[in-house]
Amino acid sequence: MTVAMLRSVLRRSSCSSTAAAASSSSVLSRRGFASGPAPERKVAVLGAAGGIGQPLSLLMKLNPLVSSLSLYDIAGTPGVAADVSHINTRSEVKGYAGEEQLGQALEGADIVIIPAGVPRKPGMTRDDLFKINAGIVKSLCEAIAKYCPNALVNMISNPVNSTVPIAAEVFKIKGVYDERKLFGVTTLDVVRAKTFYAGKAKVNVADVNVPVIGGHAGVTILPLFSQATPRANLSDDEITALTKRTQDGGTEVVEAKAGKGSATLSMAYAGAIFSDACLKGLNGVPDVVECSFVQSTVTELPFFASKVKSLLVRHLTLYKCFILVLSLVRLGKNGVEEVLGLGPLTDYEQQGLEALKPELKSSIEKGIAFVHGN
Ligand SMILES: NC(=O)C1=CN([C@@H]2O[C@H](COP(=O)(O)OP(=O)(O)OC[C@H]3O[C@@H](n4cnc5c(N)ncnc54)[C@H](O)[C@@H]3O)[C@@H](O)[C@H]2O)C=CC1
Ligand SMILES: O=C([O-])CC(=O)C(=O)O
């Protein structure tokens, strides 16, 4: 894939609204910044030597909005950084390995992407990863609070429904929490919903939009196919099957990889799309819309994914995960500008929403309790 092709892919927001779709053809969106020369932007990837980290680092190196790419892992990053650094694109690449170099890796970062932690094996749930990944995420967030408290944090490590609340609690304790700047990356659910819907509805996948709300595990993932565009006449059975396949998409990959990890390549793609949206928001591009798991008041849950306008920097619009629920959000120069509503739900979707709340609530509470030593 050429840089030009990648740019064109990144230009497409994963669950872009009509406004975002319209803006994607505008000069602003094409450039990825509002005016003047491209701003300097440092992006740090924590867990950069891993299955997601390596292809994600490659994709971030291809993004012209990045001027400095900082690759951190407990080991292996000098090699990944040397490799990626030979690509003839804008950003300067540096590799950092081991805890003593974490501060340098983070200093000055505008965006921190976290795919650090263990992946699932067949038979495991995402929650089974909590025991190991909760501690990893907590210590990385403590370092973020110290070295780059103003950065936007894109949390990929599972279980996202708990790791995002863990990050929020760490930042609160450190006195640096800004709910506009913390995102659970649920873009892969949207990517899958679009792919599966396009296949079933027999429409061009490049034209498809599907909001996905809730969280990022099993039934907490709730695609709203009634709001999918272009519209298609699918039967109730087809909608049920599409919903289930989207909810089980991660497990489908885990089983196919048969013990060799979970989704890495599609996740790297999804992570690159989401961080590109964050960069555009920071750069003042209007109407950037993605889905993400963010703090929300859309439901009684503290985190939820739904439609939101971001309070982030200026005008980034994003599908926001409720910070206990996944939501559509508008992103801007400070992160989330506005959390958008859920829109009209069918009875089936309303039932799905009620059904996901107990699990999502319990995963959120588990993350919060972990940080407070309960
Ligand atoms: N949000 C989402 O949609 C998705 C999330 N994931 C999650 O992403 C995580 C990573 O998955 P993979 O890349 O496949 O795993 P992996 O095992 O291939 O890579 C993880 C990397 O994290 C590093 N790491 C471990 N502890 C660290 C620390 N304290 N600081 C920095 N780096 C550290 C490891 O050295 C390794 O290089 C998993 O928790 C997985 O469940 C995976 C797919 C989709
Ligand atoms: O299923 C997993 O463990 C990884 C993941 O979150 C996904 O692929 O959606």
Side-chain angles (χ1 to χ4, degrees), residues 14 44-57 70-77 79-80 95-103 105-106 112-144 153-164 166 183-193 195 212 214-218 220-221 223 245-257 259-275 291-293 305 321 326 363:
S14 69
V45 181
L46 312 185
I52 296 167
Q54 291 201 39
L56 179 56
S57 300
S70 172
L71 307 183
Y72 173 81
D73 205 306
I74 48 178
T77 22
V80 177
Y96 301 92
E99 229 179 300
E100 62 288 353
Q101 297 191 353
L102 179 55
L106 291 172
V112 181
I113 313 174
I114 312 184
V118 292
R120 282 201 284 168
K121 288 190 185 330
M124 294 171 79
T125 66
R126 290 179 181 82
D127 186 58
D128 291 333
L129 305 173
F130 186 96
K131 225 171 161 182
I132 297 176
N133 290 354
I136 293 174
V137 163
K138 179 169 175 277
S139 61
L140 292 175
C141 288
E142 283 164 353
I144 291 168
V153 175
N154 292 183
M155 182 69 71
I156 292 174
S157 310
N158 271 316
V160 167
N161 292 353
S162 299
T163 53
V164 172
I166 288 172
F183 304 90
V185 181
T186 54
T187 317
L188 183 52
D189 301 318
V190 178
V191 165
R192 286 176 177 143
T195 304
V212 181
H216 179 67
T220 72
I221 300 166
R245 186 161 183 218
T246 305
Q247 292 173 333
D248 293 344
T251 305
E252 186 178 318
V253 178
V254 168
E255 283 170 1
K257 289 198 174 180
K260 297 234 164 78
S262 56
T264 52
L265 304 174
S266 50
M267 181 59 238
Y269 168 79
I273 292 281
F274 188 76
S275 54
C291 252
S292 173
F293 186 66
C321 291
L326 187 75
S363 300

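Start at 1 and go down the list; that is how both ligands and their atoms are numbered.
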Tell me which one of [options] gets a heavy atom nearest to [atom].
| atom | options | value |
| --- | --- | --- |
| atom 5 (C) of ligand 2 | R192, E252, R126, E255 | R126 |
| atom 17 (O) of ligand 1 | P119, G261, S262, G249 | P119 |
| atom 4 (C) of ligand 2 | L188, I156, V160, N158 | N158 |
| atom 16 (P) of ligand 1 | G51, S266, G47 | G51 |

Taking non-hydrogen atoms only, is [X] closer than 4.0 angstrom to ligand 1 via side chain, backbone, both or neither?
| X | result |
| --- | --- |
| A116 | both |
| V160 | side chain |
| N133 | side chain |

May I ask you to identify the nearest protein heavy atom to [atom], giving residue, atom name and distance to one decimal place in Å?
| atom | result |
| --- | --- |
| atom 34 (C) of ligand 1 | D73 OD1, 3.4 Å |
| atom 1 (O) of ligand 2 | R120 NH2, 2.6 Å |
| atom 42 (C) of ligand 1 | I52 CD1, 3.4 Å |
| atom 3 (O) of ligand 1 | H216 NE2, 3.0 Å |
| atom 29 (N) of ligand 1 | I136 CG2, 3.6 Å |
| atom 1 (N) of ligand 1 | I156 O, 3.1 Å |
| atom 14 (O) of ligand 1 | T264 CG2, 3.5 Å |
| atom 22 (O) of ligand 1 | G117 N, 3.2 Å |
| atom 6 (N) of ligand 1 | N158 ND2, 3.4 Å |

- Which of the ligand 2 atoms, numbered from 1, are nearer than 4.0 Å to a heavy atom of A263: 8 (O)
- Item | Under 4.0 Å to a heavy atom of G250 - the qualifying atoms of ligand 2, by number | 1 (O), 7 (C), 8 (O), 9 (O)
- K257, NZ atom: more than 12 neighbouring heavy atoms under 6.0 Å: yes
- Task: Can you establish whether the number of heavy atoms outside E99 located under 6.0 Å from its atom CD is more than 12?
- Result: no
- Query: Do S266 and L188 touch side chain to side chain, with heavy atoms closer than 4.5 Å?
  - Reply: yes
- Are side-chain heavy atoms of T186 and V212 found at a separation under 4.5 Å? no
- Query: Does the side chain of T163 come under 3.5 Å of the side chain of N133 through a donor N or O and an acceptor N or O?
  - Reply: no
Counting only nitrogen or oxygen atoms and a 3.5 angstrom limit, does [X] reach ligand 1?
| X | answer |
| --- | --- |
| Y72 | no |
| S139 | no |
| L129 | no |
| V118 | yes |

- Below 4.0 Å from any atom of ligand 2, is there a heavy atom belonging to H216? yes
- Message: Within the structure, is a non-hydrogen atom of A263 found at a distance of less than 4.0 Å from ligand 1?
- Response: yes
